[in-house]
Each structure stands twice: as structure tokens, then as C-alpha cells.
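For clarity, every value in this text was computed on a predicted model and none was experimentally measured.
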Amino acid sequence: MISDHTLRLLILNDSEAEAERLISMLHNAGKNTRAQLVNAETIEALIQGQNWDLMIAQDSASDTDVCLQTIFRVNKDIPVILQSTDDDTQTVVEGMKRGAADVVVLDQDQHLLLVIDREINNRQQRQSRISADKKRREAEQRAHELLDSSRDGIAFIQDGLCLYVNASFAESFGYEDIEDVAYTPIIDLISETQQAEFKRTLQDFTLQGDEQGKRQEKIRANCADGSEVALKINLSHGRYEEEPCIELRIPSQDQDQDLALEMQKIKNRDPATELWNRQHLVDNINQLLASPAPQASVLLIEIDDFYEQVQNKVGLAASEDTLKQIAAVVQPCLDDTDILGRFADDAFMVLSQQTTVSAIEQTSQSILEKCANAIVEAGGRTAQFTVSIGIALINENSIDSDTIINQAAGALNDIRNSEENINQVKLYEPKQIGSGTSVDEIQEALSENRFRLLFQPVISLRGSSQEYYEVQLRMLDKSGDEVSPSNFLELAKSIGSGAKLDRWVILESMKALAKQRSRHPNTNLMITVSADSIRDRTLIAWVKRVLETARIKPDHVVFQISEKDANLNLNDTQSFLDEVAKLESTCLISNFGCSLNPTNTIEQMATKLYKVDGSFALDIQNNNQSPDALLQLLNELHKAGKTTFITQIENASILSTLWSGGVHYIQGHYLQAPSTTMDYDFTMDG
């Protein structure tokens with residue numbers, strides 16, 4: 001899914017009007033965009049000073065080639081999309097030879113949006129891979145430290161040579177210095193009577209690959225003093241310095257290995273059903289993902305209406321016994337290599353080695369049929385049951401165990417949201433780029449009132465006694481899960497429902513504020529209004545009636561208008577600001593700093609409150625960027641006498657910068673995530 005964060009965009013175009021049109025198109029498509037015009041003179045300073053997600057360039061602009069070369073020269077990951085007036089294959093080929101990620105015909109905006117989504121998604125994947133590689137290197141370093149200090153003797157063997165040995169391994173053969181063992185043939189450490197046999201063992205183990213699993217051997221070892229000693233060694237496949245090898249492990253004699261294995265089994269078992277527990281399943285998935293080309297599948301098996309159809313019939317005390325019986329029905333449908341475990345109170349999980357969709361679905365259908373025809377008995381009572389199964393495939397594209405499990409759970413949720421919501425099988429299918437909430441889903445949510453409000457506190461850095469909360473709207477899907485605002489807000493506006501949603505938010509917010517102010521009289525709400533509402537000449541009169549009914553003074557409500565909506569509807573916004581001022585309420589310009597000329601907004605908008613776009617704070621916190629761009633923006637606002645807010649505060653590292661920059665109010669998850677209640681303790685900051 002494309003990130004909800006602000007799109008940081010560079011634009012190279014000889015026409016500023018076309019650049020403005022491009023930004024307007026992106027805003028209308030629901031993409032919060034922070035854009036900057038560039039040319040050959042400014043490109044290097046801009047890309048060295050900040051992180052940028054993308055550049056859209058006119059292919060015929062005089063500075064295009066220079067800017068492309070500059071991006072490559074400083075080795076910045078900024079995909080470039082060229083726009084051309086020519087609609088032919090050769091233009092695309094030539095553009096990509098110049099270094100562009102793609103070439104899109106001018107005014108083909110829908111195509112451009114899909115390409116933008118694709119390139120941003122690709123960039124995010126590259127950044128994730130870089131981050132994962134860094135974490136992997138750190139993990140490998142810690143693993144080396146653990147290997148060096150392990151009481152087990154450990155050696156990595158490749159082509160018969162000891163690539164690595166730890167001190168415990170050397171000591172097992174009577175050597176004090178690991179250098180005496182490292183890079184020597186392993187066969188030299190084996191008694192002559194066993195060398196031929198051990199060599200065949202290593203060859204067979206290597207040829208059989210990962211399918212062999214682990215193997216235990218008994219050897220007689222040649223010690224440094226010429227004596228021989230009997231040792232037990234465990235063979236397994238591993239990797240050392242990113243190369244495949246065989247790991248030899250000599251278990252420490254300081255502990256009873258059989259007892260340790262037994263304790264591990266107990267740790268990995270669910271005590272009620274004696275099945276493998278959730279952690280064991282997750283560990284096996286992670287172990288599988290560590291292999292070069294993982295191929296498997298996860299089946300999440302949930303008992304349909306378990307509490308009503310099973311637990312209520314046999315009783316709470318006996319329900320655990322029924323789970324054992326249900327597991328016994330499922331187990332014969334699985335292969336010997338499949339791992340069945342208990343995932344939740346009413347769900348099992350299977351880690352299967354099956355990799356073809358047809359085989360997995362056939363197994364799942366077999367489970368459905370067996371369960372539908374089975375009867376469980378406990379506590380002297382019987383019950384029938386059915387199950388539904390969500391399937392997720394594990395392959396080279398799989399990221400981690402959490403993602404895989406969430407995919408299987410997502411497929412299961414799709415079943416629950418369908419008409420036939422029991423006794424079904426569903427394979428997880430990733431959404432296509434550009435897909436999202438549909439118009440029909442929004443219309444259904446509107447008719448079924450599936451929306452709710454969240455409140456996030458806005459905290460003063462200057463000791464103000466005013467208590468602000470920003471009101472945030474969330475849509476709920478049919479299962480009650482939240483839908484990201486980026487997936488429905490802009491679409492709702494495009495079908496003419498923006499003003500309707502705004503009125504619902506205002507009305508429900510006033511109800512909540514009336515209750516809140518009876519206990520906390522300093523509470524104020526910040527409510528976002530869309531461009532539809534800015535253009536609605538009847539809104540303020542309606543708001544006045546709502547405020548009077550709720551007995552709320554207008555100065556306790558702040559209406560937020562995004563900078564992009566304000567600039568796209570300049571005359572309507574100025575009229576709206578005047579009407580709000582007559583109401584004795586206040587307006588705030590949010591997402592400020594994303595336009596090509598933010599200074600123009602300051603000069604044109606007759607309001608005192610400005611909320612800087614959160615991407616400036618995220619750049620400093622997450623990307624270690626210089627705060628200069630943010631401080632310059634704040635300086636312009638403060639010179640104009642404006643009160644400044646900034647959101648997306650994720651940690652304390654940025655607070656000193658914001659304090660020195662004169663910011664008045666801050667907001668973000670570091671302080672408190674959005675909540676259904678207004679319960680922040682403002683006295684902590686007083």
C-alpha cells in the first residue's frame with residue numbers, strides 16, 4: 001500500500017503554470033504533496049539538503065539531462081518520470097535510456113498517477129531492503145559474538161575445510177588456540193579408522209541439501225596430544241559469510257541435552273490441546289523465511305461461530321476438550337511434514353510444505369468437508385461445527401511472519417464479510433496498485449453510518465492554558481476495522497459527499513464537545529473542512545444553529561483548511577474566513593508549506609493560525625535531515641505574527657529544535673495517538 005505520508009516532489013518544467021496544474025491534479029487525486037520547482041542551478045543543493053520521493057520532469061526542458069546526471073552523480077534514490085508530448089514507443093525507450101523510470105504522455109493524468117504509485121512503492125521497497133540489510137548485518141555481528149562465546153563447540157565447514165571454529169570447538173579437540181584448527185581439513189580431526197566413513201557422511205549430507213534437516217553422528221576425534229576421544233556432533237545446513245556450508249555442533253557437556261530438548265518441547269506446546277503453540281509456528285515460519293527460496297503456505301483455520309455453535313452447547317469447561325477433537329479431525333487431512341498448531345481460542349494454524357494453489361485448496365476443501373461431517377462430544381453433550389480457512393502463500397516475496405499471518409487473517413476477514421461467511425476457503429490476493437475503497441463501499445458506509453471520530457491532543461510549548469484536540473474522521477468497514485482516510489476521503493469528495501461528511505463531523509464533534517466542556521471548560525476542537533464546505537454558502541449559518549443548540553461558544557471551535565484547498569479555492573476561502581470571523585470563530589491553515597510559494601499563502605489568508613505539514617518534522621526525525629527548511633518556514637510565519645502548530649511528532653529528539661524555532665503547539669503520537677476519548681492530562685505540560 002502506498003504510504004499516507006506527504007509526497008515530496010521535485011518538478012522540472014519550463015512552465016510554472018503546468019507545474020501548478022500538476023500539483024493541483026495530485027491534490028485532487030488525494031495525494032498530499034510538498035513540491036519544489038528545480039533547475040540545473042538548484043538541483044544539487046535541494047537533493048543534498050532534503051529527501052525527495054520523486055521528480056517529474058518535462059522531457060524537452062533545457063535542464064532535464066543536467067538534472068538527471070546530477071541525481072545519478074550524487075547517488076540519490078529519486079525516481080524520475082518524464083512527461084512528453086510525443087505518444088510513441090521510441091520516446092519511451094529514449095527517455096528510459098536517459099535514466100528515467102518511465103515516460104508518460106502529457107495530460108495522461110490517470111496513467112501518471114499509476115506510475116507515481118508504482119515508483120513510490122518501488123522506492124519504499126528499496127528503502128525497506130536497505131534497512132533490512134543494515135539490520136541483518138547488525139544481527140550477523142551479534143550472532144558472531146554469540147558464536148564466539150557459546151559453550152557449544154561450533155564449526156562451519158565448506159568443501160571439507162573449517163571456515164570458522166569457536167573456542168569451545170577447539171577445546172573439544174584439546175587445542176588452546178582456535179588458529180590451530182581454523183582453515184584445516186575437518187577430516188584431519190577425525191580418527192583414521194572413521195575418516196572414509198565421515199567423508200561419505202559429509203558428501204551425502206551436502207548433496208541432500210536442506211531436505212536432510214539435522215543429523216547426529218558419533219565420532220572419535222584426534223586430539224592435540226595424540227589421544228582420541230568420543231564425541232557426539234550435530235550436523236545441519238547453515239550459512240557463513242553468505243555462503244552455504246555445513247554447521248558442526250558439539251553440545252556442551254554442562255547440561256543434559258535430552259532434558260533441554262524435553263523442556264523446549266514443553267515450552268512450544270499449548271497446554272490445553274497439546275498442539276504446537278503460536279510461538280512455535282511463528283519460529284518455524286521465520287526459520288523458513290531465512291532460507292534462500294522459501295516455498296510453503298499458511299492455513300489459518302477458524303471455527304465458525306465457535307462460541308455459539310460449540311462453546312455454548314458443551315459448556316466453557318469442556319470447550320478445550322472439543323478443540324482437541326477438532327484438531328484430531330483436521331490432522332488426517334494434512335501431510336506428515338505439515339505443522340498444526342493452536343493459533344487462538346477458536347483458531348488453528350497449519351504451516352504446510354505444499355506450494356501449488358490447487359494442492360493447498362484441495363487440502364483446505366478436504367478439511368472443510370471432514371469438519372462439516374464431524375461431531376464433537378464433551379461434558380455429556382454433542383455439537384456440530386464448520387470451519388473457514390484463510391490461506392497465504394510463502395515465497396521469495398514474503399517479508400516476515402507478521403505479514404504472512406496478516407495476509408491469511410485478511411483472507412479470513414474477506415470470508416466473514418461475504419454473503420456466505422462460513423464454511424469457506426479464501427486465498428489471499430494482494431491488491432493492485434491504484435486500487436482502494438470503492439464508491440459503492442463509501443455509499444454503503446454513509447447509509448449505514450459506519451463512521452467514528454477520534455481526538456488527538458494538541459499541546460502548547462509556550463504554557464497556554466487552552467486545551468486543543470484535533471478531530472479526525474475514520475470510516476469502518478463491514479467487520480468494524482478502520483479504513484485509512486487516504487482510502488476514502490478524497491473519493492468521498494469526488495462523488496459529492498465531502499460536505500455531507502463535514503456536517504456529520506461538525507455535528508458529532510459539537511455533541512462530544514458539549515459533554516467534554518462540562519468537565520474541562522478550556523477544551524477547544526480543531527475540525528477539518530473540505531473544499532466542498534468552503535464553497536457552501538449555507539454552512540456557517542448551519543454551524544451557528546448547531547453551536548447555539550449545543551450551547552457552545554464559537555471561539556471554542558477552530559476550522560482547519562488545507563493549504564492546497566485554500567489555494568485552489570482562493571476567493572471562496574477568503575469569503576469563508578470572513579464568515580467565520582463574523583461568527584467569532586477561528587480558521588487554521590493546515591498542511592502548510594507544501595505549495596510552490598508558501599509565502600503567497602501567508603500574504604493572502606487573513607488568519608492567524610498555521611499548522612506546518614508533518615513531513616517537515618518526519619524528515620528531521622526519521623531521515624536525519626537538517627531542520628533548516630522547517631526553521632526558515634517558521635521564521636516567515638513568526639515574522640508575519642502567526643501562531644504556529646506542527647504535527648507528526650514521533651519522538652523527543654525534535655523538541656529542542658521546535659522550541660528554539662518558536663513553535664507554539666505540537667501534536668503527534670509521541671504525545672498521544674488519536675483516541676475515541678478526550679482524556680489527555682494537559683496539566684502534565686503546564
Rounded distance [0.5 Å steps], [atom1] in [X] versus [atom2] in [Y]:
| X | Y | atom1 | atom2 | answer |
| --- | --- | --- | --- | --- |
| L454 | R474 | CG | CZ | 5.0 Å |
| D53 | R123 | CG | CZ | 5.0 Å |
| I81 | L54 | CD1 | CG | 4.5 Å |
| L46 | I78 | CG | CD1 | 9.0 Å |
| D532 | D572 | CG | CG | 10.5 Å |

State, without any angle test, whether [X] and [Y] hold a side-chain donor-acceptor pair at a distance under 3.5 Å.
| X | Y | answer |
| --- | --- | --- |
| N651 | S653 | yes |
| T599 | E636 | yes |
| N591 | S562 | no |
| D77 | Q127 | yes |
| E44 | T70 | no |
| S575 | D578 | no |
| S464 | Y665 | yes |
| E563 | T601 | yes |

Taking side chain as C-beta onward, heavy atoms only, is [X] less than 4.5 Å from [Y]?
| X | Y | answer |
| --- | --- | --- |
| E18 | L106 | yes |
| D565 | V529 | no |
| M55 | I47 | no |
| Y680 | F455 | no |
| H669 | Q456 | yes |

Is any NZ, NE, NH1 or NH2 atom of the basic residue among [X] and [Y] found under 4.0 Å from an Asp or Glu carboxylate oxygen of the other?
| X | Y | value |
| --- | --- | --- |
| D613 | R34 | no |
| R21 | D107 | yes |
| D117 | K31 | yes |

(request) Only one of D402, I405, I404 passes side chain to side chain contact (heavy atoms under 4.5 Å, CB included) with V282; say which it is. (result) I405
(message) Please check this pair: side chain of T91 against backbone of D87, looking for a donor-acceptor N/O pair closer than 3.5 Å.
(response) no
(request) Mark yes or no for whether R462, through its side chain, and W659, through its backbone, hold a donor-acceptor pair below 3.5 Å. (result) yes
(message) Can you confirm if the aromatic rings of H144 and Y240 lie within a centre distance of less than 6.0 Å?
(response) yes
(request) Before giving the answer on side-chain hydrogen bond (donor to acceptor under 3.5 Å, both in side chains), spell out for D400 and T403 the whole-Å C-alpha distance, their side-chain angles and the decisive distance to 0.1 Å. (result) CA-CA 5 Å; D400 53 37; T403 301; 2.7 Å; yes
